[in-house]
Amino acid sequence: EALKAAAPAALIDLEKTGRAVGAPAAVVAQFGAFRGHLTTAYGVHRFVEESVRQLGASAVVVICTCDVPGRAALLGARAVGVPLVHVQHACATDVPEQAWYVAEEPGDVVLAPGERDRDWWQRCNPEARVVVTGHALWDVYHSVPRPERPEKMVILWGDQSPTNQAQTADYWASRDVPELAWQAFLKYLEQAKIDGVVFKARKHETPGYTEGRWWLLLDLCMKRGVECRYHDGPPVEAFNGVSLAVVQDSNLGVEALHLGIP
C-alpha cells in the first residue's frame with residue numbers, strides 16, 4: 001500500500017510487484033527497472049502534452065494501457081484533456097482479476113478484435129466503451145492461402161518472455177510455468193521423431209532470455225540432426241512449412257487457427 005501511494009501506476013508494474021511476494025528476485029528486478037521506467041514515463045508524458053499544445057493533436061491512440069509507455073500516454077492524454085483510443089493489441093485472458101488496469105482506466109474507447117474480447121472488457125469494467133473492429137494484424141491471414149500440410153513434421157515453438165504482463169499468480173498457479181513448459185518441450189524433442197523446429201521469438205523483449213533458449217534448442221537439434229530455424233519477423237512468415245504450432249500464452253495460437261494449422 002505504501003508503494004502504491006508513493007509511485008504513479010505508469011512508473012512501475014505495481015500489480016506484478018505486489019504479486020511477487022515469495023519471489024524476491026522478481027521484486028528486485030522490478031525495482032531495478034524503476035529508473036528506466038521513470039525515464040520512459042516522463043518522456044512519453046511530455047511528448048503527449050507537447051503534441052497537443054504545439055501540434056494540435058486531438059486524440060491519443062495506444063495499443064496497450066498496462067505497460068509503461070501506454071500508461072504514461074494515457075496519463076498524458078488525461079493531463080491535457082484529449083480522448084484516448086485503446087486499440088487492443090491481442091486477445092486477452094479470460095480472468096477478470098487480471099484486468100486491474102481495465103478497472104482503473106481502459107481509455108475513452110477500446111477497439112476490440114471480436115465479440116469475445118468485447119464481452120471480457122465489459123465484464124471487467126461495465127462502464128467501458130468497447131467497439132468491435134476486427135484486428136488489423138490478423139487481416140492479412142484472410143488473404144494468405146492455407147498452407148498444404150507438409151510431409152515433414154516441423155514444429156513451431158511460440159516462445160514467451162517471463163516479463164509478459166499476463167504472468168501473475170492469478171493466471172498461473174506458479175510463476176515457473178514458462179520454464180516448466182519450455183523444459184517439457186525440450187524433453188519431447190529429445191524423444192520425438194521430427195524433421196524440424198521453428199523458434200519464434202521476440203528478441204527485442206528479453207534478449208538474454210531469448211538467446212539462451214535459442215542456443216540451447218539449436219544445440220539439441222544439431223545433435224539429433226534436426227533442422228532448426230529462428231524467426232523474429234512477422235508471425236505469418238513463421239508458419240511457412242510448419243505442420244504443428246506449440247504455444248504457451250501466445251496469440252500465435254490464434255494465428256495458427258487462421259491458417260488451419262493444429
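Just so it is clear, the structure is predicted and the values come from calculations on it, not from any experiment.
If you look at W214 and H231, their ring centroids are not closer than 6.0 Å.
The closest donor-acceptor contact from the side chain of S243 to the backbone of V154 lies under 3.5 Å. A distance-only check finds no donor-acceptor pair linking the side chain of D195 to the backbone of K152 [under 3.5 Å]. H86 places no side-chain N or O within donor-acceptor distance of the main-chain N or O of V61, the cut-off being under 3.5 Å. Checked by atom type and distance alone, the side chain of R71 pairs as donor or acceptor with a backbone atom of T65 at under 3.5 Å.
Linking Ile, Leu, Val, Met, Phe, Trp and Tyr whenever their side-chain heavy atoms come within less than 4.5 Å puts F185 and I194 in one cluster. Connection of L216 to I155 is established within a shared hydrophobic cluster, with ILVMFWY side chains joined at heavy-atom distances below 4.5 Å, either directly or through further cluster members. One hydrophobic cluster, built from ILVMFWY side chains closer than 4.5 Å, cannot hold both V110 and V132; they sit in different ones. V198 and V236 fall within a single hydrophobic cluster, where Ile, Leu, Val, Met, Phe, Trp and Tyr are joined by side-chain heavy atoms under 4.5 Å apart, directly or via other members. When hydrophobic clusters are built by joining Ile, Leu, Val, Met, Phe, Trp and Tyr residues whose side-chain heavy atoms come closer than 4.5 Å, directly or via intermediates, V131 is not grouped with W120.
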Solution key, residues 218-227 side-chain donor-acceptor pairs under 3.5 Å, sequence neighbours excluded:
residue	atom	partner	partner atom	Å
D219	OD2	K223	NZ	3.2
R224	NH1	L189	O	2.3
R224	NH1	A192	O	2.9
R224	NH2	A192	O	3.3

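The environment of F47 atom CZ is sparse: at most 12 non-hydrogen atoms of other residues, nucleotides or ligands sit within 6.0 angstrom. Within a 6.0 Å sphere centred on CD of E151, other residues, nucleotides and ligands contribute 12 heavy atoms or fewer.
Rounded to the nearest 0.5 Å, atoms CZ (R118) and CD (Q88) are 12.0 Å apart.
Here the closest non-hydrogen pair linking A77 and V60 is CB-CG2, 3.9 Å. Between G76 and V48, the shortest heavy-atom contact is C-CG1, 3.7 Å. Closest approach of A256 to A245, counting heavy atoms only: CB-CB, 4.0 Å. For the pair L244 and V242, the tightest heavy-atom approach, listed with the atom from each and the gap, is O-CG1, 3.3 Å. Closest approach of N240 to R229, counting heavy atoms only: O-NH2, 3.0 Å.
Between P113 and T133 the shortest side-chain heavy-atom distance does not fall below 4.5 Å. Residues V62 and L84 meet the side-chain proximity criterion, which asks for heavy atoms closer than 4.5 Å. Residues H258 and W138 are in side-chain contact: their nearest non-hydrogen atoms beyond the backbone lie under 4.5 Å apart. Contact check for T210 versus Y230: side-chain heavy atoms found under the 4.5 Å cut-off.
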Any chance you could lay out the side-chain contact (heavy atoms from CB on, under 4.5 Å) test for V52 and L55, step after step, and finish with the verdict? CA-CA 6 Å; V52 172; L55 304 178; over 6 Å; no

Residue pair V85, L111: steps toward the side-chain contact (heavy atoms from CB on, under 4.5 Å) verdict: CA-CA 8 Å; V85 179; L111 307 186; 3.9 Å; yes

Taking it one step at a time, do L252 and L156 satisfy side-chain contact (heavy atoms from CB on, under 4.5 Å)? CA-CA 10 Å; L252 282 171; L156 178 142; 4.0 Å; yes

If you apply the rule salt bridge (Lys or Arg N to Asp or Glu O under 4.0 Å), what do you find for E237 with K200, and how did you get there? CA-CA 10 Å; E237 297 174 4; K200 174 66 179 78; over 6 Å; no

Please report the C-alpha distance between R129 and Q122 in whole Å, then the side-chain angles of each, then the deciding distance to 0.1 Å, and finally whether the side-chain contact (heavy atoms from CB on, under 4.5 Å) criterion is met. CA-CA 8 Å; R129 181 186 174 196; Q122 293 183 334; over 6 Å; no

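Taking the six-membered ring for Trp and thresholds of 30 and 60 degrees, W157 and W182 have ring planes inclined between 30 and 60 degrees apart. Classification of the F239-Y141 ring pair by plane angle, with boundaries at 30° and 60°, yields perpendicular.
Sorted by first and then second residue, the salt bridge (Lys or Arg N to Asp or Glu O under 4.0 Å) pairs involving residues 74-88 (not counting sequence neighbours) are R78-E105, R78-D108.
Remark: H45 engages no residue in a ring-ring contact (aromatic ring centres under 6.0 Å, His included) (not counting sequence neighbours).
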